[in-house]
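Below is one structure, written out as structure tokens; comments come after it.
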Amino acid sequence: MVRSALRRLRGGCAEKAASWTFVTCRPRRGNVGMLGRGGAAVIALLTLAGMPAEAAAEGASEPRVRATLPWVATQLVPSAEWLVSNAGVRFGARWQVTPLLYSFGIDPRLSPWRVLVAEPIVRHAGSVELYGSPAYLAGGGTLGNRWLLRAGVRAYLPILDRGEYLSMSVGGAALYHRDQAGMAYEAGLYTLFGFLGVQVSHVPTPGLRMTTVTLNVRYF
């Protein structure tokens with residue numbers, strides 16, 4: 001790119017690309033000697049610094065990621081969950097929504113932020129997300145005993161092939177169950193581009209002490 005700018009500088013031309021304009025004139029021979037290679041390089045670098053991000057990205061383009069009706073339909077499919085406590089084992093269904101995700105593992109020329117929808121590589125190549133996760137448990141009497149609500153933070157780290165073959169997660173969440181509030185700590189492993197995973201969380205809060213195992217299925 002610097003050589004191209006230098007050629008335009010020496011040839012004397014006017015070009016327009018996107019929102020920037022680069023105007024030069026053909027210098028005299030005497031001025032070329034006075035300018036020198038060092039001065040020409042400085043001007044070229046200053047010109048490149050004025051380019052917009054689209055031109056500097058050299059072909060990198062933002063993916064069109066948005067929520068669609070098919071995507072919403074897949075989010076309604078729950079993941080299976082088992083809750084283990086002193087009262088025994090209960091089966092449940094768990095959902096998740098991701099209001100905000102920041103990825104530190106993708107191409108730095110692209111936006112690291114995602115809202116609601118995040119591609120598998122964006123999430124499992126390395127990211128931090130805010131999430132909400134309601135779960136409905138079988139049995140337990142009243143509705144207050146059947147619903148388990150979580151809101152937390154989770155970090156994903158790649159293990160094999162940028163997380164496409166294997167990745168892990170660690171996180172924590174505030175939860176509400178049986179009219180009580182508590183804290184949960186969680187770890188997980190994922191494979192098949194993050195489509196399938198296992199999450200294990202533990203709640204040490206007295207009165208809510210329990211462990212949950214979730215067979216995590218994500219359609220992104």
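Only this structure's heavy atoms are used, side chains among them; waters, hydrogens and symmetry mates stay out.
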Minimum heavy-atom separation for [X] to [Y], with atom names?
X: Q180; Y: P206; result: OE1-O, 4.1 Å
X: G126; Y: S103; result: O-OG, 3.2 Å
X: R150; Y: A173; result: CB-CB, 4.4 Å
X: M183; Y: A174; result: SD-CA, 3.9 Å
X: P63; Y: R114; result: CG-NH2, 3.6 Å
X: R218; Y: T98; result: NH2-OG1, 4.1 Å

Q. With M210, which of R90, H202, H177 fulfils side-chain contact (heavy atoms from CB on, under 4.5 Å)?
A.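 Output: one option passes, namely H177.
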
Got a second to check how far [X]'s [atom1] is from [Y]'s [atom2], nearest 0.5 Å?
X: S111; Y: E62; atom1: OG; atom2: CD; value: 5.0 Å
X: T211; Y: L83; atom1: OG1; atom2: CG; value: 8.0 Å
X: I159; Y: L189; atom1: CD1; atom2: CG; value: 5.5 Å
X: L110; Y: S61; atom1: CG; atom2: OG; value: 7.5 Å

Q) What residues join Y156 in its hydrophobic cluster, counting side-chain heavy atom gaps under 4.5 Å, either direct or through other members? A)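 Besides Y156, the hydrophobic cluster comprises Y190, listed by chain and residue number.
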
Decide yes or no for [X] and [Y]: does some side-chain heavy atom of the first lie under 4.5 Å from some side-chain heavy atom of the second?
X: V77; Y: V217; value: no
X: L215; Y: L196; value: yes
X: R154; Y: S169; value: yes
X: H124; Y: P158; value: no
X: E186; Y: V170; value: no
X: N145; Y: L137; value: no
X: T212; Y: V84; value: no
X: F193; Y: I121; value: no

**Q.** Lys/Arg-Asp/Glu bridge criterion (N-O < 4.0 Å) met for R64, E119
**A.** no

Q) Charged N to carboxylate O under 4.0 angstrom, R123 versus E164? A)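 Result for this pair is no, no salt bridge flagged.
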
Q: May I have the step-by-step check of side-chain contact (heavy atoms from CB on, under 4.5 Å) for L116 and L101, ending in yes or no?
A: CA-CA 8 Å; L116 294 180; L101 179 144; over 6 Å; no

(Q) For the backbone of G92 and the side chain of R146, can you confirm whether one donor and one acceptor N or O come within less than 3.5 Å of each other? (A)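 Here the side-chain-to-backbone pair does not exist.
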
Q) Do any N or O atoms from the side chain of Q75 and from the backbone of V97 form a donor-acceptor pair under 3.5 angstrom? A) no

Should [X] and [Y] be counted in the same cluster of Ile, Leu, Val, Met, Phe, Trp and Tyr side chains packed under 4.5 Å apart?
X: Y102; Y: V117; result: yes
X: V89; Y: V198; result: yes
X: W95; Y: Y131; result: no
X: F104; Y: V122; result: no
X: V153; Y: Y185; result: no

Whether the [X] and [Y] side chains hold a donor-acceptor pair (N or O, under 3.5 Å, no angle test) is what I'd like checked.
X: S85; Y: R209; value: no
X: T214; Y: S79; value: no
X: Q96; Y: E129; value: yes

Q. Considering residues at least two apart in sequence or located in another chain, which fulfil the salt bridge (charged side-chain N to carboxylate O under 4.0 Å, His left out) criterion with D107?
A.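 Applying salt bridge (charged side-chain N to carboxylate O under 4.0 Å, His left out) to D107 gives R109.
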
